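Chain identifiers are assigned alphabetically (A, B, ...) following the order of the sequence lines, protein sequences preceding nucleic acid strands; residue numbering begins at 1 within each chain. All values below were derived from every heavy atom in this structure, side-chain atoms included, with hydrogens, water molecules and symmetry-related copies excluded. Remember, it's a predicted structure, so these values are computed and weren't measured experimentally.
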Amino acid sequence: MKLKLGIRSIGEAGKHAFNHNRQIIQLGKLGKVEEAIRIFFNMTHKNLVTYNSMISVLAKNARIRDARQLFDQMSLRNLVSWNTMIAGYLHNNMVEEASELFDVMPERDNFSWALMITCYTRKGKLEKARELLELVPDKLDTACWNAMIAGYAKKGQFNDAKKVFEQMPAKDLVSYNSMLAGYTQNGKMHLALQFFESMTERNVVSWNLMVAGYVKSGDLSSAWQLFEKIPNPNAVSWVTMLCGLAKYGKIAEARELFDRMPSKNVVSWNAMIATYVQDLQVDEAVKLFKKMPHKDSVSWTTIINGYIRVGKLDEARQVYNQMPCKDITAQTALMSGLIQNGRIDEADQMFSRIGAHDVVCWNSMIAGYSRSGRMDEALNLFRQMPIKNSVSWNTMISGYAQAGQMDRATEIFQAMREKNIVSWNSLIAGFLQNNLYLDALKSLVMMGKEGKKPDQSTFACTLSACANLAALQVGNQLHEYILKSGYMNDLFVGNALIAMYAKCGRVQSAEQVFRDIECVDLISWNSLISGYALNGYANKAFKAFEQMSSERVVPDEVTFIGMLSACSHAGLANQGLDIFKCMIEDFAIEPLAEHYSCLVDLLGRVGRLEEAFNTVRGMKVKANAGLWGSLLGACRVHKNLELGRFAAERLFELEPHNASNYITLSNMHAEAGRWEEVERVRMLMRGKRAGKQPGCSWIEVQNQIQHFLSHDPAKLRPKNIQIILNTLAAHMRDKCNTSDMKSAFDIL
DNA sequence: ATAGGGTTAG
């Protein structure tokens, strides 16, 4: 009797534990770790599964250290406990820790081997994964083989993937899909289609892969055709197609699809909300958010981010406050919102109050400090964070680079164990930002030696640095490199090349690149037009504008900045005015301060100062320093002291520490013989402690950068350069009215 | 009920 009762009570306790274990797992999936932990501690009858489940939940919710602690505390472990812990490390990208456990575990099964192989493939250590695959005792278990195929396929090593695929004794559908994923994820849709059609058996995952592949490669109509043929589309199929439409701006079509979905899950709702957020239609997003039956943390976070993206921080905070269970993602979202609005100290307070930071949260705070130039605080956090990922390291590298501390950036870079493309890009961009071309180029070469191929952003950032520095020689070398590495068809790279050549004064090369690009976009046109403008080719700019219109490319704000500045550089005031009018009336573009700035420059140069000033008075946007600077310059040339003084005073408000504004005004007074005024402005300048940044320019001659500082001692210059400068000065004196050009001679 | 391999949302 007693025994029976005992057994029954154990049975009931077991049932109890069973239910609690399930609860723990479910809460873990919802990200509610704290609640899961509470249940765990309140359980009187914990069994082995309870511990295993708790370890899994902790590991998957950024509490990997707690997970390990619990694992170590267990008096009895089974194989699942070991596998769960290894899976936890896999989830947190901690391969070394996983490998240590794998080495000491008492026995291994197929799960253990597959886990470890996946660990290595995720880190890109394919040789290591391959070694392990050879050692797997059970050759018929497909998971290990499949993990290996996926590893090769994701890296684009199709031949290796295919070899493993053909070698494996028993294939299942996942093996086929892993191969297929390799093709679709790497944009090889031709191969993908071939493989897909050769498959005798397909499931919805195979179809979904194809649709996603077409979406990714920009072939929306093929994606749609395939989507419509899917025998039993599931939620993933619908969401993939929806996001495909959203990606190409077809918001209304995406909504239509959403309304047609037979069964919507949370992900479907979240995808639609994210689509509206991405399109900055936050009100629409909120409407759906309020309607959706079950909100999860992604739904809440999307709305919070949506409000932040449109600058409504208060609304974001309200939503956050209403959120029932604030997980780390939501906390980080709001914290980033504070950072983006420059409220970094509030963000830091919030950071301190967060209990369990994950890597993303640490990284966001570090990025916040780093972007505001507070590198000491960034470093402090970086040192404190328990687990760093590549983003953490890269943030520090670009932070130091922006702060002009390339020695520190290099130190961080060298201390990094696994450098990725972004690390190299950050370092190279840093060198370029700090005018260290040679170091940048050396890094580019070193990067190649270490087996890392530069990507489009390597080229885009190096080219834009070359453009800003007019470093033509480096730009040319990059161009050759780009041609060799096959990135010429990338629009980012192509457009950066156009801009580089244009800014280096090589209009013909810019045109050549423009012609070589297979399918130009608006940015390509804008780069070309700005290039013409910059180099004084107004007629070419006009022609390009006509041609782009005939090809049905619709100009934007930037196009018109280019067009107006083309007119301005060529002294074509009336055409400029016409274009300005056309922009507003025919293209419904609201002029920005930059457009007005061009207009003022345009009118000011030809002496139409009254009109320039009336333009400024009539404008709706706030005038910027560039605009007042143009007006002041024009007033000096055309000797309008009264208006010049007005413009100068606005400039003193906007940039009180910029000495050149004070100097221009004081020179104007001097030229008019008003010596008391000269003294007054000089006093004002001293009062504001305005410092003069010496005028600086440089050109590249035979791979050497030659710097020129205004008023630098002539003896520091090479003799031949000084001779050229003197000759130039003589030419200028010959052509111009000396008193007007006085400032131009400052450099000589 | 807890651990592995292929597809979707922040």
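Residues satisfying the side-chain contact (heavy atoms from CB on, under 4.5 Å) test with A:Asn234, not counting sequence neighbours, are A:Val204, A:Asn208, A:Val236, A:Ser237. Residues passing the salt bridge (charged side-chain N to carboxylate O under 4.0 Å, His left out) test with A:Arg317, sequence neighbours excluded: A:Glu346. For A:His91, there are no ring-ring contact (aromatic ring centres under 6.0 Å, His included) partners two or more places apart in sequence or in a different chain. By the ring-ring contact (aromatic ring centres under 6.0 Å, His included) test, A:Trp362 is found to be paired with A:Phe351, A:His357, residues two or more places apart in sequence or in another chain being considered. For A:Tyr51, the ring-ring contact (aromatic ring centres under 6.0 Å, His included) criterion is met by A:Phe40, not counting sequence neighbours. Looking at residues two or more places apart in sequence or on another chain, you find no ring-ring contact (aromatic ring centres under 6.0 Å, His included) involving A:Tyr276.
Cation-pi geometry between A:Lys171 and A:Tyr176 is not met at under 6.0 angstrom from the ring centre and within 45 degrees of the axis.
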Using a 3.5 Å cut-off and no angle test, enumerate the donor-acceptor pairs between side-chain atoms of residues 193-202 of chain A and protein atoms at least two apart in sequence or in another chain.
residue: A:Ser198; atom: OG; partner: A:Phe195; partner atom: O; Å: 2.7
residue: A:Arg202; atom: NE; partner: A:Phe196; partner atom: O; Å: 3.1
residue: A:Arg202; atom: NH2; partner: A:Phe196; partner atom: O; Å: 3.2

Going by atom type alone, with no hydrogens or angles, which donor-acceptor pairs under 3.5 Å involve a side-chain atom of residues 244-252 of chain A and a protein atom two or more places apart or on another chain?
residue: A:Tyr248; atom: OH; partner: A:Val215; partner atom: O; Å: 2.8
residue: A:Tyr248; atom: OH; partner: A:Gly218; partner atom: N; Å: 3.3

Name the atoms and distances for all side-chain donor-acceptor pairs under 3.5 Å in residues 256-263 of chain A, with sequence neighbours left out.
residue: A:Asp259; atom: OD1; partner: A:Arg255; partner atom: NE; Å: 3.2
residue: A:Asp259; atom: OD2; partner: A:Arg255; partner atom: NE; Å: 3.4

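Within 4.0 Å (heavy atoms only), A:Ser297 reaches at least one base atom of the nucleic acid. When heavy atoms are screened at a 4.0 angstrom cut-off, A:Ala212 is found touching no nucleic acid atom at all. Across all strands shown, A:Lys171 has no heavy atoms under 4.0 Å from either base or sugar-phosphate atoms. Among the protein residues, A:Lys264 comes within range of no part of the nucleic acid, since none of its heavy atoms lies under 4.0 Å from any strand.
Between the side chain of A:Thr142 and the base of B:dG5, a donor-acceptor pair under 3.5 Å is found. At a cut-off of 3.5 angstrom, the base of B:dG10 holds at least one donor-acceptor pair with the side chain of A:Thr329.
Listed by residue number, the members of residues 330-340 of chain A with any heavy atom below 4.0 angstrom from DNA chain B form an empty set. Contacts of residues 96-114 of chain A with DNA chain B (heavy atom under 4.0 Å): A:Asp109, A:Asn110, A:Phe111, A:Ala114. Sorted by residue number, the members of residues 190-209 of chain A with any non-hydrogen atom under 4.0 Å from DNA chain B read A:Asn203, A:Val205, A:Asn208, A:Leu209.
Atom CE of A:Met179 is separated from atom P of B:dG5 by 19 Å (rounded to the nearest Å). Distance, A:Ile25 CD1 to B:dT2 P: 6 Å, rounded to whole Å. In this entry the distance linking CD1 of A:Ile64 with P of B:dA3 reads 14 Å, nearest Å.
Picking from B:dA9, B:dG4, B:dG10 the nucleotide with the shortest atom distance to the side chain of A:Asp296 gives B:dA9. Minimum atom distance to the side chain of A:Ala271 is reached by B:dA9, of the listed B:dG4, B:dG10, B:dA9. Among B:dG5, B:dT8, B:dA1, the nucleotide with an atom closest to any side-chain atom of A:Val239 is B:dT8. Looking at the side chain of A:Val174, the nearest of the listed nucleotides B:dG5, B:dA9, B:dG4 is B:dG5. Side-chain proximity of A:Val49 to the nucleotides B:dT2, B:dG4, B:dA9 is greatest for B:dT2. Taking every side-chain heavy atom of A:Val267 into account, B:dA9 is the closest of B:dG6, B:dA9, B:dG10. Distance from the side chain of A:Leu90 is smallest to B:dG5 among B:dG5, B:dG10, B:dA3. Comparing atom distances between the A:Gln185 side chain and each of B:dG6, B:dG10, B:dG4 picks out B:dG6 as nearest. For A:Val236, the side-chain atoms get nearest to B:dT8 when compared with the rest of B:dG5, B:dT8, B:dA1. Counting only heavy atoms from C-beta on, A:Ala147 has its side chain closest to B:dG5 among B:dA9, B:dG5, B:dG10.
Remark: A:Arg122 is in phosphate contact with B:dG5, judged by side-chain N or O atoms under 4.0 Å from OP1 or OP2.
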Give the intermediate values and the outcome of ring-ring contact (aromatic ring centres under 6.0 Å, His included) for residues A:Trp82 and A:Phe102.
-> CA-CA 8 Å; A:Trp82 288 89; A:Phe102 183 78; over 10 Å; no
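The closest side-chain donor-acceptor pair between A:Asn47 and A:Asn21 falls under 3.5 angstrom. Checking A:Asn425 against A:Asn394 by side-chain atom types alone, no donor-acceptor pair falls below 3.5 Å.
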